[in-house]
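Every heavy atom of this structure was used, including side-chain atoms; hydrogens, water molecules and symmetry mates were not. To find a chain, count down the sequence lines: A is the first, B the second, and so on, and within it residues start at 1.
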Amino acid sequence: MAGSFTRMISGRNRAVLLASLGAGTMATGFLLSDNSLAAEVRTKLYPPSSDFPDLRKHNNCMAKALTPAIYGRLRDKLTPNNWTLDQCIQTGVDNPGHPFIKTVGCVAGDEESYEVFAELFDPIIKDRHNGYDPRTMTHPTDLDSSKITNGVFDENYVLSSRVRTGRSIRGLSLPPACSRAERREVERVVVMALAGLKGDLAGRYYGLEDMTDKEQQQLIDDHFLFDKPVSPLLTCAFMARDWPDARGIWHNNEKTFLIWVNEEDHTRVISMEKGGNMKRVFDRFCRGLKQVEQLIQERGWEFMWNERLGYILTCPSNLGTGLRAGVHVRLPNLSQDKRFSKILDNLRLQKRGTGGVDTAATGDTFDISNNDRLGKSEVELVQMLVDGVNYLIECEKKLEKGHDIKVPSPITQFRK
Amino acid sequence: MPFGNTHNNFKLNYKVEDEFPDLSKHNNHMAKVLSKELYGKIRDRQTPSGFTLDDVIQTGVDNPGHPFIMTVGCVAGDEESYEVFKDLFDPIISDRHGGYKPTDKHKTDLNFENLKGGDDLDPNYVLSSRVRTGRSIKGFTLPPHNSRGERRGIEKLSVEALTSLDGEFKGKYYPLKSMTDAEQDQLINDHFLFDKPVSPLLTCAGMARDWPDGRGIMHNDNKTFLVWVNEEDHLRVISMQKGGNMREVFKRFCVGLQKIEEIFKKHGHGFMWNEHLGYILTCPSNLGTGLRGGVHVKLPKLSTHPKFDEILNRLRLQKRGTGGVDTASVGGVFDISNADRLGSSEVSQVQLVVDGVKLMVEMEKKLEKGEAIDSMIPAQK
């Protein structure tokens, strides 16, 4: 074990070590210098102004934030993994807008993207995360699930409960940028760690490539199987390359703890169960995450995290906790009430159809989850979800009896 | 990955077997040729503009196969790709283009007067005639690789060249970005408008980036000469008209191309061409002439004859549905065009279409009368 440990340390990108030391060293990035003569000539022939994208018909966070001046300063910079600004923003250039949601329009190719291209990412983060300023604020991480109160819902209304997040492996490029070798390394590291889980978390890995038809059908029936991304938001960000190489699904034997490998992030971690016991779901979530973290640390790896941005994920919208805690809940009366959206807004909750993001609700069952990701801890966000859903159920019960409901006051944000 | 040239050196830190793609379920030309050894041999190379082996093959890795056609599975990012990655492209070219060797020379002949006949295809059967090709402009990288600045540069040059044409070529350029609704409807009705590529063969090769920036369509006032700018190639040039006068279509095609080339040359940006591969285009399948000359022809009886496919084969022709590649025929009407691109000239390829279609129409007429066609079946061309 010691031998492979050493090999892993020496095989790791020097950027890993630098990243764990702190962000400052990466701030200036590296100038485009490979193939130097050709690059120089090219830069002269094509100054940044000639390459600036036409964003006049665009409506995403990147298009709002990117000015010709910022583009001019950042275009020729490189992260240590040789990722560029053009690659970060390609998805936002190719996808002017989305009918239902305000998309972010850019992705990180590696941990250092958020530093080297901070001039673009910081205003986007501020816009997307309610005024959170990465230059001055710090993000709290709290995975102590014992703090949650009133976390068991009325099962006459709540059909299922779920918490998800993502984790990235420090030292390896993110899905938009990773080479096949890096992606396979992510798979190796994660699968090796997961094999060490025991008790109610013990489980099995199913690589997408070698799945049998029977296994595939079972995973579909369990609603676990993820498919090759078709959304242009993801394909234009290069995340579907080499599919299905090094992609897979791990789940525990009880089918309550599930990990996606190399889909939109290195890992997506999901805890779920039927019914309304969000407390138990979150308990398992925190326990599982901590165990996985320990198992990878034993082998010399760690998650991407810093105190400015919390957990580092591919999409800036998932920074901080990367956490979406939600329920499938029946609200036949409340959903007809004109005040439904306002109530959700004030509780800092969002609704989706039961097919997930981009789907419309069918009937009277909704997916209700937290809006926020960054600036509040996991415990705070889950408590907000719990309190919010309990309030919605109260409203539903009141309306059932013909009583009136109140719109709650908005929960305060840190935005001034 | 597209335009991420410097990333390649970083990947070299990983062993060949760790980076080599899994092609075990693949069926395209690239997968047939690319072994782990070959990958290891050429993965550290890049063209002067920074296009790498992984850039070349990404589309073939992402698209294991196609139900109807054997796809190529790789693209060029610039003129030099075909040189720098010769070890990969040469065997693919040989496989795709009937055994074409690295030492072979390709003949270019755009002298329409060398075409014999072609003005008398029976319009009762031949509904329309069309010739298309592509052209790449020297000094710019190709659609999988080019930046927005380059693509706009290509558009600017193209617009200058195309809007300076006169006579039967006089026309107008419609940039995709700023088309009015009325213009768009008209172009759709004329069947001229090309849309953002949805085929993963193209999108995985990075060709739909920044859509619709820098893309557009020019056509002449008569609607018989059409140029697509920055779709799958820098330029796609199309000459077409109703009826069977392929000779006239080909004449317009040759004259138009030569006029356009002159103007580009004057600006110091001629077309990419060399004597081994002919005209350089994004997809290796279009090297040589890049020419697809064809007709929409009614062959309801012949197309159901058991020897139809063999006849086409011997005539060096291919059939498609009237929706183009990937479609099936409707009402016995087929799109019949030349199968070859590299190793024979434009004139000879169009000659094959003209002669072959003429013969097939005769066969159709015979079958209508209930007569046999066995004596008419040609020898292999």
Task: Residue selection (most heavy-atom pairs with chain A, distance under 4.5 Å) from B/Asp210, B/Asn13, B/Thr203, B/Val61 - done: B/Asp210

Task: Aromatic contact, B/Phe264 with B/His269 (centres under 6.0 Å) - done: no

Open item on the list: Please classify the contact between A/Ile89 and chain B as side chain, backbone, both or neither, with a heavy-atom cut-off of under 4.5 Å.
Closed with: side chain

- [ ] Heavy-atom distances under 4.5 Å only: say whether A/Arg56 touches chain B with side chain, backbone, both or neither.
- [x] side chain

State plainly whether the residues [X] and [Y] are in salt-bridge range, i.e. N to O under 4.0 Å.
X	Y	result
B/Glu19	B/Lys11	no
A/Asp227	A/Arg247	no
A/Arg184	A/Asp245	yes

Open item on the list: Need one label for B/Lys196: side chain, backbone, both or neither, based on atoms under 4.5 Å from any heavy atom in chain A.
Closed with: side chain

TODO: Counting only heavy atoms closer than 4.5 Å, note whether B/Glu17 contacts chain A via side chain, backbone, both or neither.
DONE: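 Only the backbone of B/Glu17 comes within 4.5 Å of chain A.
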
TODO: Establish, from distance only, whether the side-chain atoms of A/Asp94 and A/Gln90 form a donor-acceptor pair under 3.5 Å.
DONE: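 A donor-acceptor contact under 3.5 Å links the two side chains.
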
